[in-house]
Amino acid sequence: MIAIVDCNSFYCSCERLFKPGLQHKPVVVLSNNDGCIISRTDEAKKLGIGMAGPYFEARPLIEKHNVAVFSSNYNLYGDMSWRVMEVLRMIAGKDNVEVYSVDEAFVNLEHVATDQLQATAKLMKETIEQWTGIAVSVGVAPTKVLAKVANRLSKKNKATSQGVMVLHTQEDQREALKKTMIDDIWGVGGAYADKLRNMGIVTAYDLSKMPQAWGKSFMGGVVGERLIRELNGIQSMKMEDELVTKKMIATTRMFGAPVADLKSIKEAVATYTSRAAEKLRRQHGAAKSISVFIVPKEQSHNSRFRHGPIISSNTTLPMATSLTNELIKPALQMAEALFERGRLYKKAGVMLGHIVPDSSVQGNLFVPETKNKETMLMGMMDNINFSQRDDILKFASSGITRNWKMQQNFHSPRYTSRWDELFEVK
DNA sequence: TCTGGGGTCCTAGGACCC
DNA sequence: TCTGGGGTCCTAGGACCC
C-alpha cells in the first residue's frame, strides 16, 4: 500500500504558524509579483475566492471580508517543507519516502500490516502536526492514483475522516471512485475532462470501467492505459527514488513593471542565469545548452491570448559547464540579439538543458588550467550566498538597482531561516 | 491597470541513414 | 506513368502536475 501525505493549504498554513491570530480566519498567499492567488485556507475558499485566479479580481471580496494576504515567502515554505519531510523520514524510514512536491510526499507502506495501516497513517499525521504545526491529510490505497483519490476524500470530509482515509478493500475503492468526478483524478486535466464528459464518462468509476486499450487510443497512449490500471488497483506507477537530478533547470520571472531598456533586460537575464547555475551546481550537474527568452507585453487588443509571443534563442556550448561566468556570456549575447528597441517587455527567462553529471564532463584538450580555480570560486560564492540566504555575492552584470525586480508588497519575515527576522515573543 | 514559476512525460512528424 | 522499407534521432508541442 502507498500513502500520500499532503499539507493542507500549505503556504497559508506556514504563514499562520507565526500569526496565531489568523487561526480560523481566511488567508491567501499570492504568486510572485503578487499576480495570482496560489494558496487559500478553507475559510477563504468558502468566501468564493477561486484558485489561481488573479489577485485584482478577487480583491473586492478580499477587502470586504478582511482576508489576510501574503506575498509568497519561499524561504519560509522551503524550510517548513524540509521539517515535514524529515518527520516522515523518521517514521517511515528514509528510503520509503518520495518527496513529490514542496507540500506532498508518497510513503511506501508495503511492510505495514493491513490492520496497522490506519494507525500508521494517523501516527504520521499527528506527529507532523505536533512537531511542525502544519496540518496534513493522509490517503492510503494500493496505487498512487487511488491514494490521491483517498486523500482528496479525506480532505472533503474532515469531520468524519479526521484527515485520514484508507481504501484497502475493493468495495471501499469502488465507493470512493463513484464519489470522484473525472476532473478530480490525478492525471486528468481540463482537456481530457472535456473529452471524457463528451463521451459520457463522468465519474472516476466510469473511467475505471473502460478497457485499457481504449485508454491507449483516447488518453495519450501509455499514459491513459496506466491511469486505468491504477484506478483498478493495479500498481503501474512505482515509488521513485529521490530524483534530485533535473533534466532541465529554468529561472523565469515577470518584471515588477514592463521594461523597455536593454540594460534592465540584461541585468535580469544575468540574475536568472546565476540562479539557474546555482541550482545546477547544487545537483552537481553541468549544462550543454542554454536558452534565453523574453516576452513582450501584449500590445494588441486581441486579449484572447494571455501571453504575447515568446521570443527565444538557444546556444549549444562547446562543452558542458556549471560556471556562472561561462553561462552568462552567451546568455547576454542572446538577450542582446533578441531585444528590439521600442518594445515593452514583461517577462524574461533562462533555461539550462542537456544536463549531465559534472563528473562526466567530457575532457577537452583546450581547457585551460585555471578552470579549477573558477570551480572553487563558484563553490565559495554558493556557500556564502547560502549561509546568508541572499544574493550577497553576485556578478556585476546582475545589476545593483534592479528596477525590474518583481513586486512583493505583502512579504512576511523569513522567521525560520534568518537570525534578524526571527519570531519575537514580547 | 493588474493573470506565477518550475517541472515531467509522451507523441507525432521531419530529417536522415542504409 | 511509374519512385521501398525500415530504422534512429531529434524537436516541437500537447497534456499534465503542484
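The sequence lines fix the lettering, A, B, ..., with proteins before strands; numbering per chain opens at 1.
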More than 12 heavy atoms of other groups within 6.0 Å of [X] [atom1]:
| X | atom1 | value |
| --- | --- | --- |
| A:Met90 | CE | no |
| A:Arg83 | CZ | yes |
| A:Lys178 | NZ | yes |

Study note, to complete from the structure: Under the rule of Watson-Crick or G-U wobble with both distances under 3.5 Å, where | means paired to another strand and [ ] a crossing pair, DNA chain B maps to ....||||||||||||||
Review point. Considering only heavy atoms, which members of residues 222-232 of chain A lie under 4.0 Å from some atom of DNA chain B?
Key: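 Contacts with DNA chain B under 4.0 Å: A:Val222, A:Val223, A:Arg226.
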Check your understanding: Heavy atom of residues 54-66 of chain A under 4.0 Å from DNA chain B: which residues?
Key ->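 Of all residues in residues 54-66 of chain A, the ones placing a heavy atom under 4.0 Å from DNA chain B are A:Pro54, A:Phe56, A:Glu57.
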Between [X] ([atom1]) and [N] ([atom2]), how many Å, whole number?
| X | N | atom1 | atom2 | value |
| --- | --- | --- | --- | --- |
| A:Met351 | B:dG5 | CE | P | 12 Å |
| A:Met406 | B:dG6 | CE | C1' | 14 Å |
| A:Ile38 | C:dC18 | CD1 | P | 14 Å |

Assign [X] to base, sugar-phosphate, or nothing according to its heavy-atom contacts below 4.0 angstrom with the strands shown.
| X | answer |
| --- | --- |
| A:Asp34 | nothing |
| A:Ile249 | sugar-phosphate |
| A:Asn32 | sugar-phosphate |
| A:Ser72 | nothing |

**Study point:** Listed nucleotide nearest any side-chain atom of A:Met254, set C:dC17, B:dG6, B:dT3
**Key:**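 Closest nucleotide to the A:Met254 side chain: B:dT3.
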Check your understanding: Which of the following nucleotides, B:dT3, B:dG5, B:dG7, is nearest to the side chain of A:Met248?
Key ->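 Closest nucleotide to the A:Met248 side chain: B:dG7.
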N/O donor-acceptor pairs under 3.5 Å from side chains in residues 275-282 of chain A, not counting sequence neighbours:
from, atom 1, to, atom 2, distance (Å)
A:Arg275, NH2, A:Asp391, OD1, 2.7
A:Arg275, NH2, A:Asp391, OD2, 3.1
A:Lys279, NZ, A:Ala250, O, 2.8
A:Lys279, NZ, A:Thr251, OG1, 3.3
A:Arg281, NE, A:Asp382, OD2, 2.7
A:Arg281, NH1, A:Ser322, O, 2.9
A:Arg281, NH1, A:Thr324, OG1, 2.9
A:Arg281, NH2, A:Thr324, OG1, 3.4
A:Arg281, NH2, A:Asp382, OD1, 2.9

Any side-chain donor-acceptor pair under 3.5 Å between [X] and [Y]?
| X | Y | answer |
| --- | --- | --- |
| A:Glu15 | A:Tyr415 | no |
| A:Ser71 | A:Asp34 | yes |
| A:Ser137 | A:Asn8 | yes |
| A:Asp79 | A:Ser417 | no |

Exercise for review: Compare every heavy atom of A:Ala105 with every heavy atom of A:Leu88, then report the nearest pair and how far apart it is.
Suggested key: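 That would be CD1-CB, 3.8 Å.
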May I ask you to decide whether [X] forms a salt bridge with [Y], counting only side-chain N to carboxylate O separations under 4.0 Å?
| X | Y | result |
| --- | --- | --- |
| A:Arg226 | A:Glu230 | no |
| A:Glu267 | A:Lys394 | no |
| A:Glu43 | A:Lys25 | no |
| A:Lys179 | A:Glu175 | no |

[X] side chain near [N] phosphate (N/O to OP1/OP2, under 4.0 Å):
| X | N | result |
| --- | --- | --- |
| A:Lys148 | C:dC18 | yes |
| A:Lys347 | B:dG5 | yes |
| A:Ser31 | B:dT3 | no |

Point to revise | N/O donor-acceptor pair under 3.5 Å between A:Glu225 side chain and A:Lys216 backbone | key: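 No, the answer is negative, given that no donor and acceptor are paired below the 3.5 Å cut-off.
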Pick out the pairs of N or O atoms, protein on one side and nucleotides 8-11 of chain C on the other, that lie under 3.5 Å.
none

Exercise for review: Report the relative orientation of the aromatic rings in A:Tyr77 and A:Tyr74; use parallel for angles under 30°, tilted for 30 to 60°, perpendicular for over 60°.
Suggested key: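 Taking A:Tyr74 first and then A:Tyr77, their aromatic rings stand perpendicular (interplane angle over 60°).
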Collect all protein-nucleotide pairs involving nucleotides 13-16 of chain C in which both atoms are nitrogen or oxygen and the distance is under 3.5 Å.
from, atom 1, to, atom 2, distance (Å)
C:dC16, OP1, A:Gly189, N, 2.9
C:dC16, OP1, A:Gly189, O, 3.2
C:dC16, OP1, A:Tyr192, N, 2.9
C:dC16, OP2, A:Ala191, N, 3.3
C:dC16, O5', A:Gly189, N, 3.4

Review point. Are the aromatic rings of A:Phe339 and A:Tyr345 close, with centres under 6.0 Å apart?
Key: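 Aromatic pair counts; centres sit under 6.0 Å.
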**Study point:** Close side-chain approach of A:Thr271 to A:Arg253, heavy-atom, < 4.5 Å
**Key:**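 A:Thr271 does not reach A:Arg253 side chain to side chain.
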Check your understanding: Mind checking the C1' distance from B:dC17 to C:dG4? Whole angstroms is fine.
Key ->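 Approximately 14 Å lies between the C1' atom of B:dC17 and that of C:dG4.
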